[in-house]
*Asks:* 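Let me begin by handing over the structure; questions about it come next.
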Amino acid sequence: MCGIIGYSGAREAAPILVEGLRKLEYRGYDSAGIAVLDPTRQPSTQLTRCVGKIAALAECVDNDKISGTSGIGHTRWATHGVPSEANAHPQRVGHICVVHNGIIENHQLLRDRLIADGREFRSDTDTETIAHLVDRAYAKSGDLHQAVRTTVAELEGAWAICVTHDEHPLDIVVARHLSPLLIGLADSTHPNRTDQPEIFVASDVAPLLAYTRVVVDLEDGDTAYLNAEHYEILDIDGKEGRRPKRQIDWSPLAAEKQGFKHFMLKEIFEQPRSIRDTLMGRLPAGSETIDLNGLEPAMAAASRITLLACGTSWHAGLAGKYLIEQLAKVPVEVDLASEFRYRNPIVRPGDVAIAISQSGETVDTLAAMTEAKRLGANSVAVCNVIGSTIARSADHVLYTHAGPEISVASTKAFTSQLTMLTLLATRLGEVTGALTADRVTALVEGLRALPVVIDSVLDQRAALKTIARRYLHARDFLYLGRGLGFPVALEGALKLKEISYVHAEGYAAGEMKHGPIALIDEHVPVVLMALRGGTYEKAISNLEVVRSRGGRVIAVATAGDDQIGDLADDVILVPDVDEMLQPIVASVPLQLLAYYIADLRGTDVDQPRNLAKSVTVE
Ligand code: AGP
């Protein structure tokens, strides 16, 4: 997820773009750049880009003494190509500059065709492909808006783009499909108004609020020609797009959280999109074949796969073990990275070690992967941060593309890890022959449907807040699960304890009778995974054991279960999905339960005490 901004008007553009990018930094921050156009210069475009946060860009811009009253800017969360000046946006080709937020699924095919046509590329980005296409289309039409429309007609995937041309220094052409983009209009009531015409465009409202509270939301398929004097929107069919104006009443800080009270809640609600982005590029539109960058033969042939991770990522790894062994019949070990490196592990050449890490900087996970490589394993990283240390150290990397996760408590990164591991297990099952073609198709269809399914779970936020209020004062929780429900229970307990400071313990449900049952009384709520499937009856037995000892049970069950309501004190129903997809779907209500209990208890949800987003020390 990246941040893009554009301006055209009477004010100096550079400060507006740089300050606007600061407000978008939460969307991505590995590199940044601006292009400012000055009609008195030839060429009119002045381009400044650099690696690092916006502060580094601001310094570069000051040094360049840039002038001009229109331009575009971008803060990058790399999806294609490591963070570098060459891969930073704006991407420039001839007179054209482009900034882009999204993932172009067919960029490699388009790039290959352009190279075959004699075009040279200077970056690894999918965005440069867009710039070349616009440059080529403009050479034919001489009309920038039409050139952008011709270009986006060739694209597959997601994009929000701003495009400028040296010979039209006051114009910006934009396009939006599946990535957010909105126009900011001159606001005569704003305290920081100017009596000159002006227009803005950005990924979200955060950078606009300093100048205007009047916005126009673009819709998927829209393109627009922007100029301080007027703007024109064309819809996906090329007809005039009449989009209503909207008044924004958020504070700037609220805008960075897009109206959510905490980044954690925003990121929980981003999961339909983040899961879609994890799938995008791995599961190209219209294709049934999962693309794992050609890693599947080595993984399928491995005598053993070892998953290495910490914390939430280790819970994803535990689910990954169940998934890969059930779907691909490849033996899997899952190790706490902090234990692996000290237990003199047995690793044979040909083994595959998969390091799972959102940040890609967790020192225990990096050290464990390094040890596994030293012992002869092929290493694969499942990471969310492009170019992170673990990603760069591994032999291969599968990026989860969940976008920046600001809140210390991992939510969307976790479900993206689960999605990636499910993709991997399914593909390995196809390659090893453990899965029939029909079974693969069913899993692929289930994965594609996840964003809509997660949306329906998120609609239960009010019910979950009610349950949170009911158990607000409990001091101890037990989370129980069996099979794929076990890692979900562990993760649910971790979410609660790390943001609410309430003691919560995840346990294998079958272990209850071996000790934890001594804890059960009316003061210790039990969250029980009781989803449809092979372990359901056992879950009901657990439930009855807890209730018979005066315990209270919050059951997570499958929609359509008409008996659990008579047995549990509270029931959270999740949509009926393939058993292999249940961990992804069932984790979301437990994230919300933890969030609402913590919020009601008044803890610092996004920055819980004693915790860091990335544990880079032992
Ligand atoms: C999860 O909510 C915690 N923030 C923590 O357990 C985290 O998952 C762990 O530190 C691993 O981080 P990584 O995924 O960045 O390696």
Side-chain angles (χ1 to χ4, degrees), residues 77 262-268 270-271 274 278 307-320 334-341 353-370 379-394 397-421 479 487-502 504-506 583 587-588 590-595 597-598 603-618:
W77 179 265
H262 296 101
F263 277 112
M264 181 177 176
L265 190 60
K266 171 175 168 285
E267 288 154 7
I268 288 172
E270 277 179 354
Q271 289 179 111
S274 52
T278 303
L307 303 175
L308 302 167
C310 300
T312 286
S313 298
W314 182 80
H315 297 149
L318 183 58
V334 56
D335 257 293
L336 287 170
S338 55
E339 287 295 309
F340 178 81
R341 55 196 294 221
I354 301 179
I356 305 169
S357 176
Q358 187 285 129
S359 63
E361 300 301 340
T362 300
V363 67
D364 283 325
T365 307
L366 175 62
M369 183 183 75
T370 304
S379 60
V380 178
V382 171
C383 273
N384 191 41
V385 180
I386 304 264
S388 56
T389 306
I390 291 173
R392 281 184 287 109
S393 309
V397 60
L398 295 170
Y399 285 116
T400 50
H401 295 310
E405 190 173 66
I406 308 300
S407 182
V408 165
S410 186
T411 52
K412 65 174 184 174
F414 175 64
T415 50
S416 280
Q417 289 169 344
L418 290 176
T419 301
M420 181 62 77
L421 290 165
Y479 284 67
V488 175
L490 291 172
E491 174 58 13
L494 175 61
K495 278 296 90 51
L496 181 64
K497 75 178 84 162
E498 69 173 327
I499 64 173
S500 69
Y501 316 151
V502 172
E505 205 165 343
S587 298
V588 175
L590 299 189
Q591 293 167 352
L592 285 171
L593 180 64
Y595 171 79
I597 288 176
T603 56
D604 183 350
V605 171
D606 282 333
Q607 300 285 342
R609 67 186 182 194
N610 312 333
L611 289 179
K613 183 58 184 170
S614 175
V615 181
T616 55
V617 293
E618 279 203 62

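Numbering of ligands and ligand atoms starts at 1, following listing order. FYI, side chains are in, hydrogens and waters are out, and symmetry mates aren't considered; it's all heavy atoms of this structure.
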*Asks:* Around ligand 1, what residues show up once you keep those with a heavy atom under 4.0 Å from it?
*Replies:*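 Heavy-atom contacts below 4.0 Å: Cys310, Gly311, Thr312, Ser313, Ser357, Gln358, Ser359, Thr362, Val408, Ala409, Ser410, Leu494, Lys495, Glu498, Val615.
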
*Asks:* Given side chains that start at C-beta, do those of Ile356 and Thr365 come closer than 4.5 Å, heavy atoms only?
*Replies:*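 When only atoms from C-beta onward are counted, Thr365 and Ile356 do not touch, as no gap falls below 4.5 Å.
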
*Asks:* Of Thr419, Thr415, Thr278, which meets side-chain hydrogen bond (donor to acceptor under 3.5 Å, both in side chains) against Gln271?
*Replies:* Thr415

*Asks:* Quick check on side-chain hydrogen bond (donor to acceptor under 3.5 Å, both in side chains): which of Glu405, Glu498, Glu491, Lys495 does Ser410 satisfy it with?
*Replies:* Glu405

*Asks:* Please check: side-chain N/O of Lys412 versus main-chain N/O of Ala402, any donor-acceptor pairing under 3.5 Å?
*Replies:* yes

*Asks:* Strictly distance-based, threshold 3.5 Å: is any side-chain N or O of Gln417 a donor or acceptor partner for the main-chain N or O of Val382?
*Replies:* no

*Asks:* Specify the closest pair of heavy atoms between Asp606 and Ser407, including all atoms of both residues, with the distance to one decimal.
*Replies:* OD1-OG, 3.2 Å

